[in-house]
Amino acid sequence: MDTITGKLEIVFRTLFCFADKFKLFSKRLKWDYLYNRGGCSVKELLSKCRSITSEKNLKSEIINTILISILGILFGVLSKLLDNMSLNNDILWQRILGIVDLANIFSRLSIWALFAVGIAVFSKRPFRASVNVFGFFIGMLMGYYTITITVSGFFPKTYMIAWSIITLFTPIFAFLTWYAKGHGWLAVTLSGIIIGFFFTQAFSFGVWYIDVSYFAEVLCLVIATVLLYRDKIQLLLSLIVALTIAPLIQFCLPYIFGGL
């Protein structure tokens, strides 16, 4: 653990020294998003990014995590039931489901990432964000694959393993996402990466073109940006980071989430 902490501190020190080059630009704006004074240990860097409330209510936190996990189960069940449903346009509520296209929405990665972002940024502490998001995805997998096995009658081993691996990493993503709602260059970078991910899901783009991939994912992009919003300058810099890193995310995603 000490070795890992030491390596993380080296990484953050390097990033902090790089950010120091933007000190003059930061002072010109009279704004400290790109430069934080003082020490640059991991603990100090994170605390400057977003302070952790000292108020703790263990009973309330446990109840919240249980409710979030139950919500994950319900969404997992709903997602699979929508997959199995044959819609009849003569029935009003089924025709509405077809227009909204909920089955397709829940089959895409963006909606689940949006749930994770919402749960993480509204958690009281980064550790709680990790626990809550992990609980949500565990619940979602339980609900989805219970219906898949018991109702649909088959066991998609490859998909289940892939989503289980993704779920194992959700506490790390949730922890970082919690700080994306904070202040300073670290928050700008993290929020920019998150927005960049949603941008790659909402748009197909290349050197000379850009096109909307799916309207629902454009909506997810907008909601995620609103959830991470702090102020206008933070938003501007986050969007710059997002547009800069989006091509790299687009290149890497097929190798990470291919086929999901």
Side-chain angles (χ1 to χ4, degrees), residues 8 11-36 40 42 45-51 109-123 126 129-130 133 166 169-207 210 212-214 217-257:
L8 285 173
V11 172
F12 279 112
R13 283 180 181 276
T14 303
L15 292 173
F16 183 81
C17 292
F18 177 77
D20 186 53
K21 295 180 182 180
F22 293 93
K23 178 180 179 181
L24 293 177
F25 177 70
S26 176
K27 285 185 174 180
R28 193 176 304 158
L29 291 174
K30 296 181 179 180
W31 182 65
D32 65 345
Y33 270 98
L34 301 177
Y35 181 75
N36 286 312
C40 53
V42 174
L45 181 63
L46 294 179
S47 64
K48 287 182 179 181
C49 179
R50 186 176 179 183
S51 59
L109 194 59
S110 287
I111 187 66
W112 302 108
L114 183 63
F115 286 142
V117 170
I119 294 170
V121 298
F122 288 114
S123 296
S130 297
V133 171
I166 292 173
F169 283 97
T170 55
I172 300 173
F173 299 146
F175 184 91
L176 295 174
T177 299
W178 190 86
Y179 283 102
K181 184 71 172 177
H183 301 276
W185 62 268
L186 179 59
V188 167
T189 303
L190 292 173
S191 60
I193 293 172
I194 295 169
I195 294 171
F197 163 77
F198 282 101
F199 184 86
T200 63
Q201 301 300 292
F203 297 98
S204 299
F205 57 90
V207 178
I210 182 170
V212 175
S213 297
Y214 194 58
E217 292 183 328
V218 175
L219 186 59
C220 288
L221 168 64
V222 173
I223 295 173
T225 303
V226 171
L227 289 174
L228 296 170
Y229 178 82
R230 269 288 184 181
D231 56 53
K232 293 179 181 179
I233 299 180
Q234 179 258 12
L235 174 62
L236 174 62
L237 292 180
S238 295
L239 290 176
I240 292 173
V241 173
L243 294 176
T244 303
I245 203 170
L248 178 61
I249 297 175
Q250 185 185 50
F251 176 79
C252 295
L253 278 181
Y255 300 98
I256 301 173
F257 299 112

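What you see below is based on every heavy atom in this structure, not just the backbone, and it leaves out hydrogens, waters and symmetry mates. Source: prediction; values computed, not measured.
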Side-chain donor-acceptor contacts of residues 187-198 below 3.5 Å, not counting sequence neighbours, with atom names and distances?
unit_1 : atom_1 : unit_2 : atom_2 : d
T189   : OG1    : W185   : O      : 2.8
S191   : OG     : A187   : O      : 2.8
S191   : OG     : V188   : O      : 3.1
S191   : OG     : S238   : OG     : 2.7

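- A pairwise comparison of heavy atoms in T200 and A246 identifies CG2-O, 3.3 Å as the closest pair.
- Remark: S123 engages N132 in a side-chain hydrogen bond (donor to acceptor under 3.5 Å, both in side chains) (not counting sequence neighbours).
- With sequence neighbours left out, S213 forms a side-chain hydrogen bond (donor to acceptor under 3.5 Å, both in side chains) with S204.
- Among all heavy-atom pairs drawn from Y179 and P126, the shortest one is OH-CG, 3.6 Å.
- What you find for A120 and W178 is that their closest heavy atoms are O-CD1, 3.1 Å.
- In terms of the side chain to side chain contact (heavy atoms under 4.5 Å, CB included) criterion, residue partners of L236 (sequence neighbours excluded) are, by chain and number, I240.
- In the displayed structure, Y229 atom OH is contacted under 6.0 Å by more than 12 heavy atoms of other residues, nucleotides or ligands.
- Here the side chains of V241 and L237 are not in contact, with every heavy-atom distance at 4.5 Å or above.
- Taken from CD1 in I245 to CG in L243, the straight-line distance is 11.0 Å, to the nearest 0.5 Å.
- Remark: F205 pairs with F199 by the ring pair (Phe, Tyr, Trp, His ring centres under 6.0 Å) rule, at least two apart or across chains.
- Scanning all heavy atoms of the two residues, the minimum distance from S110 to Q201 falls at OG-CB, 3.0 Å.
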Report all side-chain donor-acceptor pairs from residues 220-228 shorter than 3.5 Å, counting only partners two or more places apart or in another chain.
unit_1 : atom_1 : unit_2 : atom_2 : d
T225   : OG1    : L221   : O      : 2.8

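- Residues F203 and V212 form a side-chain contact, since some pair of their non-hydrogen atoms from C-beta on lies under 4.5 Å apart.
- Contact record, F175 with S130: CB-OG, 3.5 Å, taken as the closest heavy-atom pair.
- The minimum heavy-atom distance between K181 and R230, with the atom names listed, is O-NE, 2.5 Å.
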